[in-house]
Amino acid sequence: MMTRTLVALAVAGLAAGLASAQSPKSTTQSIEEYRAMLADGNPAELFEAKGEDLWKHKRGPKNASLEQCDLGKGPGVVKGAFVELPRYFADTGKVQDLESRLVTCMERLQGLNGAEIAKTPFGRGEMANVTALATWIAAESRGLAFNLPQSAPQERVAYEVGKRLFFMRGGTHDFSCASCHGEEGKRIRLQDLPNLTKNPGDGVGFAAWPAYRVSNGQMWSMQLRLNDCYRQQRFPYPEFGSDALTALSTYLGVNAKGAKSAAPAIKR
Amino acid sequence: MADPMRIRAQAQGSGAVVRVLMSHEMETGQRKDAAGKTIPAWHITDVTASHNGKQVLAAEWGPAVAKNPFLQFNVKGAKAGDKIAVTWKDNKGDTRTDEVTVS
Amino acid sequence: MKTTRRQTLQHSAAVAGLLASSGLFPQLAHAWTNAAFDAKTVAEALKAYGGGAPTESKDVTLTAPDIAENGAVVPMGVATTLPNVKHLLVLVEKNPAPLVAKFDVSDAVDANFLTRAKMGQSSDVYAVAITRDGKALFSKKEVKVTLGGCGG
Amino acid sequence: MKKLNRKWLALGAVAVAVAAVGCASLAPLPSTAELDKTAQDLVKASFRGQGIAKVERVTDIDETLRLCNAADVAGKPLDAATAKRIEEANLKTVKWPADGKFLGDWKQGEQIAQSGRGQTWTDAANTVNGGNCYNCHQISKEEISFGTIGPSLYQYGKLRGVTDPSSAAAKPIVEYTWGKIWNAKAYNACSNMPRAGHMGNLTEQQIRHVMALLLDPQSPVNK
């Protein structure tokens, strides 16, 4: 809603103010400058701190911390886990991304209700906690290169299915993920669009989320990033932690192989 | 209770650079909710900072300071090991103080 | 410098006590300057802090981007090399209420503050220094706010 | 958790079947057809209707999208004959202005081009839809925040020599522009551009306004 108001105001401003004045700097340079000014002092840090606390704090019906949660590299191993997710987990028999895996741990270790968490809107209650946890866990892998495992057959199927989702046009506007993210050097409005069919570079695309969104002052996890892409694509609603989102994340994550993680980033 | 701040204080030259992130909605009082009702203003009004217990900074803020505010300032003569504390107060009377050691 | 949340929490109670006993809270309790933040123009806001008619000065520095990718968060810095400055102010002319923040200048800090503001639309942004004798000296720059993303 | 579990298990189940066949460390992948089927099943299980965004928007897409999607997954463009067939079918859907009037008001066209509203699950059924034009195209010189997914449309009419949009000389370009906005796939089977008229995103009257933005010699686009 913040976005709405500001967008409306911004439109008015553009109509009124922008007609004149050629800036000596290019628009791209000016936007780069703006982004650089924001990089120092990313409010994502506030969420990182909350996530670390949630990981170590005893909570839930079982009064347990998440310190024994297995994110794929063994119980309690946090560093490096982020850049290898989604991956296959034998104990659930599924490919899981970071957030759905966290929900599994919150259910199994802490006794919280996973289905309830999955239904909770982003930014509220336990869902806000999942986002904070994901933010901290991502931060613990900052600078590490993405290297998703593809040895389990389930992981390879997830990649192939994810590819099909990536290229799936639909909705009222015929948009697929590839409509915006299938080529290099394109923008939507002034925002650069990474080509996500390959490694788009360090700290770009899959390697940038979770990210703090300046436009609404919210911390956005990868699940929410994909959710809102689908909203803007005019698609129906993708369920939190659904197989479709996990498969799509697997496709993006495998393509990002070698890209160094910059998450949690700060975004427009 | 409000979430903690993130404060970094680094000795640099003859003082310390202090960077603060505060967790606050900074609601302007200009926005409307889905039902068309104005969301009341809720923002930090006063910020103070102290160096080893002595106040060095006072500021007044309005609702136009961005959500989850960022503040940077330089404390003269602060050195590694010194304490920097920051306090904010909002228009609902909520307040929060956090302290760090200069590194 | 990295502080865990728990350390911070432990400190904060102690510090709050410390501040209370050192008489700092009365400082906080003083009335927030309503007149300044309610002011609808830059000049009115300056007046609320005892500033006269503003004059441009190269000794007051405003740091702000030419273009803001989003008006919800626009970095703004205000600094001065002038002596006898009492307050440093940041204002956005076309906001419903222009005053964003007021910083008191003391001997203990550099007259140099950085924060982030909301901007409803493209506008001139002002950095203003108010001196002890009531002079208001400013520098300004236009910041363009762009419409971004899918806009949906 | 039950319901979710069943959905999540889908990915596991297919893969386990594969593993049983392959049993080596790198089992062969299921066939393309099987993977296509798995993807479709996952789409059904993973998306739900919300507000005006019904689930049929992904479970019931038309032949144009189905063929283009398959071509993208295969990494091979459509063969010429199929592309031509799709384009002809889409051209047939174009609804030409009943009164023969192609151009409306460029000022309203600019507002429509600016707006990215409408048709999402957070929009109401009566939301006035935008054209999303600036998201992908440069149009007027004044708007610096424009996308580059589509070509620049700055001086669209001028560059094509349109001085009087109602003249016989301008007719071919005026009709093409109308058709392109109504149904972009009529001219390029797998175009990235939405089919604004065909899919009901813009009304006939809104399209007239966007036409004027592009073709009216008085529009800032052609100054």
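Chain letters run A, B, ... following the sequence lines, proteins first, then strands; residues in each count from 1.
Looking only at distances, a side-chain donor or acceptor of B:E60 sits under 3.5 Å from a matching main-chain atom of C:T33. In terms of modelled atom types and a separation under 3.5 Å, the side chain of C:T115 and the main chain of B:L71 share no donor-acceptor contact. Remark: the backbone N or O of C:A72 is not paired with any side-chain donor or acceptor of B:K67 at under 3.5 angstrom. Using a distance-only test at 3.5 Å, with no hydrogens or angles considered, a donor-acceptor pair links the side chain of C:W32 to the main chain of B:W61. Remark: the backbone N or O of B:P63 is paired with a side-chain donor or acceptor of C:K118 at under 3.5 angstrom.
Contact detail for B:V56 and C:S106: the closest heavy-atom pair is O-OG, 2.9 Å. Of all heavy-atom pairs between B:G62 and C:F37, the closest is N-CE2, 3.0 Å.
Between chain B and the residues C:V109, C:L89, C:V105, C:L99, the most heavy-atom pairs under 4.5 angstrom are made by C:V109. If you tally non-hydrogen atom pairs under 4.5 Å between each of C:V90, C:N95, C:D107 and chain B, the highest count goes to C:D107. Heavy-atom pairs under 4.5 Å with chain C were tallied for B:G15, B:A64, B:A16, B:A59; the largest tally goes to B:A64.
Side-chain atoms of C:R116 and B:P69, non-hydrogen and from C-beta on, never get closer than 4.5 Å to each other. Counting heavy atoms from C-beta outward, C:D104 and B:L57 have side chains that stay 4.5 Å or more apart.
Remark: C:T81 engages C:D59 in a side-chain contact (heavy atoms from CB on, under 4.5 Å) (not counting sequence neighbours).
B:F70 CZ to C:L114 CG: the interatomic distance, rounded to the nearest 0.5 Å, is 5.5 Å.
A 6.0 Å sphere centred on NZ of B:K76 holds more than 12 heavy atoms belonging to other residues, nucleotides or ligands. The environment of B:K79 atom NZ is sparse: at most 12 non-hydrogen atoms of other residues, nucleotides or ligands sit within 6.0 angstrom.
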